[in-house]
Amino acid sequence: MTEEKTRIKLEGQKAINLWQKGKDEWNQWVKENPEADVSFEGVGFSKYRTKDRPVISFENFNFPKGYVDYSKTTFGAGEVNFNNATFGGGKVDFSNVTFGDGNTCFIRVTFGTGKVDFNHAKFGNGGVSFYKVSFGDGDVNFRYTSFGAGEVNFNFASFGDGYVSFGHATFNDGGVTFEGTTFGDGRLFFEGTTFGEGTVNFANATFGVGVLAFHQTTFHSKAITFTPCKFKGQVIFDNCEFTDNLKEFTFQNAQFEDALTLQNMNVPCPIDFRNTKLSNQLSLDGLTCRLNRKREKGFEIIEDKEDIHRFTRLKELAESNKAHEQAMAFHADEQRAKRWVKTGFFGSLMDMVFSEASNYGQSVMRPAFYFITSILIFASLYCGMADKEHQHPNEKVSLVLTVSLANSVPFLSINKNTKEYLLPKLFDKPKLHKKLYWLMGTQALISMMLLFLIGLGLRNRFRI
């Protein structure tokens, strides 16, 4: 006979009866049958809750090295306690388990080298704690797991080198904390995961050399914290979605030893990379960050003055990684953030003009539009001032348009001759007064500035 066929399996009512006798008799049985399988599959534990024993408890229980099966189990409303339990090296299966409303505690649980599976598990409204849990090197699966409204706590947990997935898991509005957690060298995925409005906190976490990926993850969170984490492997944030609830997204003081990718995301606040150390490439394709401002005394002023420094750091990182488009966008928001705060009144007015006219050198079409518009406006002014009669109205329109166009590019010598030839056809020479020359001088100055902005936009557009 094979070992699989001769292995003892504790299941059904026998498993229930032994559990009800308490941890001492249970642990003694496990000591005598260390290779056994244990199954509570499909058990409804709610009927075993009493006034004297309202908690479903496996606290300090030891489990054998075989397969431990809690799949499809229901626990009903009330606390569930696995604190300080120890599992052997076999698979531990909590797939499709339903925990009712009440706290669920796996504090200081030790899992063996087998797979730990919470696939499609459902937690009720209550706190869920995996505080200081130790996972072995087997895969850890929380795919499609649903967490209730309470806080979810993985603080100071330790994951082995297996594959870890929270893919398509749903966290409700309680906070989600992985503070001080250590992840092994396996891949860690949060693809399709949804986080509620609570804080997502990975402060002081350490990540191994495996890929950490947040792909198509949805954050309703108010704050996302990765400070001061250490990332040994590649980190990817790709096509994530954020709501306007997000006020803080920080990697401050973090260390990245491999590539970091932040692409195709519209973040409603600046990502904080102050004092971070990046040793490899940073990819920012399709990343935008929003500058949040409030209206105060008729002016738009930033809500958080620290955003100035956050955008400065983002600009520096974009420049050092040759992400010119993002560098210009971050520089523009840096300047807007300084407006009315660090920039004086006159400087802020000039900054507003620069922003409106060319979006800080990022736009070609905007100054080009204003350039053409200025030609038409000044042509209409010249037409109103012209005092010579013309046989055909179209002739007068043609003359003033030509004069306005010539005056808008005064640095071309041909335009000087054009104006000398055309002006007498519109004005009596003795009546060419100072008002006309002031108007032409103003147009020339405005045109020069707009042409400069067009050139700046072209230079930025085709910068290598």
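Residues take their numbers from the sequence shown, with the count starting at 1. Atom set for the values below is all heavy atoms of this structure, side chains included, hydrogens, waters and symmetry mates excluded.
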Taking all heavy atoms of L246 and all of P268, pick out the closest pair and write down the distance. CB-CG, 3.7 Å

For the residue pair D69 and S71, confirm or rule out a side-chain donor-acceptor distance under 3.5 Å. yes

Would you tell me whether E59 and N81 have side-chain atoms, one donor and one acceptor, within less than 3.5 Å of each other? yes

Should the pair Y70 and F94 be assigned to parallel (<30°), tilted (30 to 60°) or perpendicular (>60°) ring geometry? parallel

Side-chain donor-acceptor pairs under 3.5 Å in residues 339-350, sequence neighbours left out?
from: R339; atom 1: NE; to: D351; atom 2: OD2; distance (Å): 2.8
from: R339; atom 1: NH2; to: D351; atom 2: OD2; distance (Å): 2.9
from: R339; atom 1: NH2; to: Y360; atom 2: OH; distance (Å): 2.8
from: S348; atom 1: OG; to: W340; atom 2: N; distance (Å): 3.1
from: S348; atom 1: OG; to: T343; atom 2: O; distance (Å): 3.1
from: S348; atom 1: OG; to: G344; atom 2: O; distance (Å): 2.8

Do V30 and Q28 come within less than 4.5 Å of each other through their side chains, counting heavy atoms only? no

Parallel, tilted or perpendicular: ring planes of F214 versus F237, cut at 30 and 60 degrees: parallel

Quick one: do K232 and E257 satisfy salt bridge (Lys or Arg N to Asp or Glu O under 4.0 Å)? Show the steps, please. CA-CA 5 Å; K232 297 179 181 178; E257 297 182 5; over 6 Å; no

Side chains of D52 and T50: do they bring a donor and an acceptor to under 3.5 Å? no

Is there a donor in the side chain of H120 and an acceptor in the side chain of N96, or the other way round, less than 3.5 Å apart? no

Greater than 12 external heavy atoms within 6.0 Å of Q281's CD: no

In a table with atom names and distances, give each donor-acceptor pair under 3.5 Å that connects a side chain of residues 149-160 to protein atoms at least two apart or in another chain.
from: N153; atom 1: OD1; to: N155; atom 2: N; distance (Å): 2.6
from: N153; atom 1: OD1; to: N155; atom 2: ND2; distance (Å): 3.3
from: N155; atom 1: OD1; to: T177; atom 2: OG1; distance (Å): 2.9
from: N155; atom 1: OD1; to: E179; atom 2: N; distance (Å): 3.0

What side-chain donor-acceptor pairs closer than 3.5 Å can you find for residues 111-118, not counting sequence neighbours?
from: D117; atom 1: OD1; to: N119; atom 2: N; distance (Å): 2.8
from: D117; atom 1: OD1; to: N141; atom 2: ND2; distance (Å): 3.3

In terms of relative ring orientation, are F130 and F123 parallel, tilted or perpendicular, with 30° and 60° separating the classes? perpendicular

Check: Q13/N17 side-chain N/O donor and acceptor closer than 3.5 Å: yes

